[in-house]
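All remarks here apply to the structure that follows.
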There are 2 protein chains.
Amino acid sequence: MTPPAASGSVAVDDAPDTGKRLSSEERRRQILVAALAVFGARGYEGATTDEVARAAGVSQPYVVRLFGSKENLFLAALDDALARMLAGFRAALADQTPHDPEVTPEKATAQRIGQAYVDLIEVRGLHQTLAHAYLLGSHPAIGAAARQGFAKVWRFFRDEMGLDADESRAFMAEGMLISTMIGLRIVDDYGSDPQITELFRSCFPTELPHVLEVLPRGTDRW
Amino acid sequence: MTPPAASGSVAVDDAPDTGKRLSSEERRRQILVAALAVFGARGYEGATTDEVARAAGVSQPYVVRLFGSKENLFLAALDDALARMLAGFRAALADQTPHDPEVTPEKATAQRIGQAYVDLIEVRGLHQTLAHAYLLGSHPAIGAAARQGFAKVWRFFRDEMGLDADESRAFMAEGMLISTMIGLRIVDDYGSDPQITELFRSCFPTELPHVLEVLPRGTDRW
DNA sequence: GTCTATAAACAGATAGAC
DNA sequence: GTCTATCTGTTTATAGAC
């Protein structure tokens, strides 16, 4: 029986397959899942390779061995997060499900993309890891990668989705606010403070029940 | 002559008054200035009390002595940042300078507040420290303080500025995007990539020259 | 492919002098 | 009010075995 996750750690449900030998690729994927959760909760510097390793069910030196260094691991996690996000956006863009005839097709697409963005909270730590990366602009390696990634998202809105500069900016702004509220874990105060409740409701007009369910209170405690 | 700042450190112009004995209050203020710069560039975990101390021109143990712990120092810096921001907002709100008669008084006020927000980039690390705090929602002490601070800003918009929930949200969203672009140091790529240049221009329609001047390239390198 | 052991570097905090 | 010296725990990374 696996011991319960030590209090104060970022427990990843995806339990460690203790003792199993996997392909390098599969392990990498497992570790990336763990890395998103841990980096998301603690940030680049706050996260330890050991915590990532424990969350993935492997030893700490093995994580370093597979990715070369903590920095590389973070860069890989960042890449992974961006790839997942753009994949989600593209799926939403391609979605042909009939929409409410009251709204224009453009508006329907925008709603789908927004929904896809919110749905990504199901990938533990994804939004938070991206936000942490965006704050590391001064870091020589991470900063450059983060800027590139941010530009990639911008280009998606402009080129693939066809928004103009102002619409893109407004879209990204809403996204940044949502990320902030996730990272802040406003959920933890939702319901206990009327002002916070109002703020939260205003940010998630339609997805509220879903968000409350996917971000259970007290997750990722230190 | 003070030695040049070690490469990779967060140099704070406000040079250390080597050897001077100051009042505890004055020292606290100096250290808080340094703390905002260092926490802003490196984040809570990435920052070291030693770097804050060197930026402030005092010894590392003295920083810990004055503030009790690194965590307390961060909380103090967060409080300071929020107080400065709200003070800036209130000054902008009270500002009676005649405005463009083409725009409504409400719009003019919103512009002034937006301007005040952007102007805060002059306080080194302020926006970045706030953004880092907002990402630490899982931290037992910092997370709670960050949520409170965020709610305070929300209340300013709603109660003092008189915006409705949707307007407040849109305002904060723009703010979060601006913070993100500052933390990302998009300035560092401005001009070299047409897409980034467009993005940046779109975010700072009026304040561009000012922003480029106050955030010189390569500042805060690691 | 994966682990144990461990080296090497740090960073936060304390003690105690001036 | 402020410093130097230093203890202690932590963390990344390497070596080498299985």
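Within every chain, numbering begins at 1; the chains are lettered A, B, ... in the order of the sequence lines, protein sequences first and strands thereafter.
With respect to A/V38, the side-chain contact (heavy atoms from CB on, under 4.5 Å) criterion is satisfied by exactly one of A/T49, A/V10, A/T129: A/V10.
Qualifying salt bridge (charged side-chain N to carboxylate O under 4.0 Å, His left out) partners for B/E213, counting only residues two or more places apart in sequence or in other chains: none. With sequence neighbours left out, B/Y190 forms a ring pair (Phe, Tyr, Trp, His ring centres under 6.0 Å) with B/F200. By the ring pair (Phe, Tyr, Trp, His ring centres under 6.0 Å) test, B/H127 pairs with B/Y117, sequence neighbours left out.
In this structure, CZ of A/R42 is placed 14 Å from C1' of D/dT10, rounded to the nearest angstrom. In this structure, A/Y62 places its OH atom 23 Å from P of D/dT11, rounding to the nearest Å. The nearest whole Å value for the distance from the CZ atom in A/R54 to the C1' atom in C/dT4 is 16 Å.
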**Request:** Could you go through the side-chain contact (heavy atoms from CB on, under 4.5 Å) check for B/R147 and A/D193 one step at a time?
**Result:** CA-CA 11 Å; B/R147 278 188 291 279; A/D193 174 345; over 6 Å; no

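Axis angle, first five pairs versus last five pairs of the helix from C/dG1-D/dC18 to C/dC18-D/dG1: 10°, rounded to 10°.
The ring pair (Phe, Tyr, Trp, His ring centres under 6.0 Å) pairs that include a residue from residues 42-65 of chain B are B/Y44-B/F74, B/Y44-B/H139, where partners are two or more places apart or lie in different chains.
At least one side-chain nitrogen or oxygen of A/S24 sits closer than 4.0 Å to the OP1 or OP2 atom of C/dG1. Distances shown here put every side-chain N or O of B/R27 at or beyond 4.0 Å from the OP1 or OP2 atom of D/dG1.
By the 6.0 Å and 45° rule, A/R28 stacks over the aromatic ring of A/F67.
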**Complete:** Reading nucleotides 6-18 of chain C from 5' to 3' and marking B where a protein heavy atom lies under 4.0 Å of the base, S where only the sugar-phosphate is that close, and - otherwise, the string is -----SBBB-B--

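A salt bridge is absent between B/K152 and B/D79: the closest approach of a Lys/Arg side-chain nitrogen to an acidic carboxylate oxygen does not fall below 4.0 angstrom.
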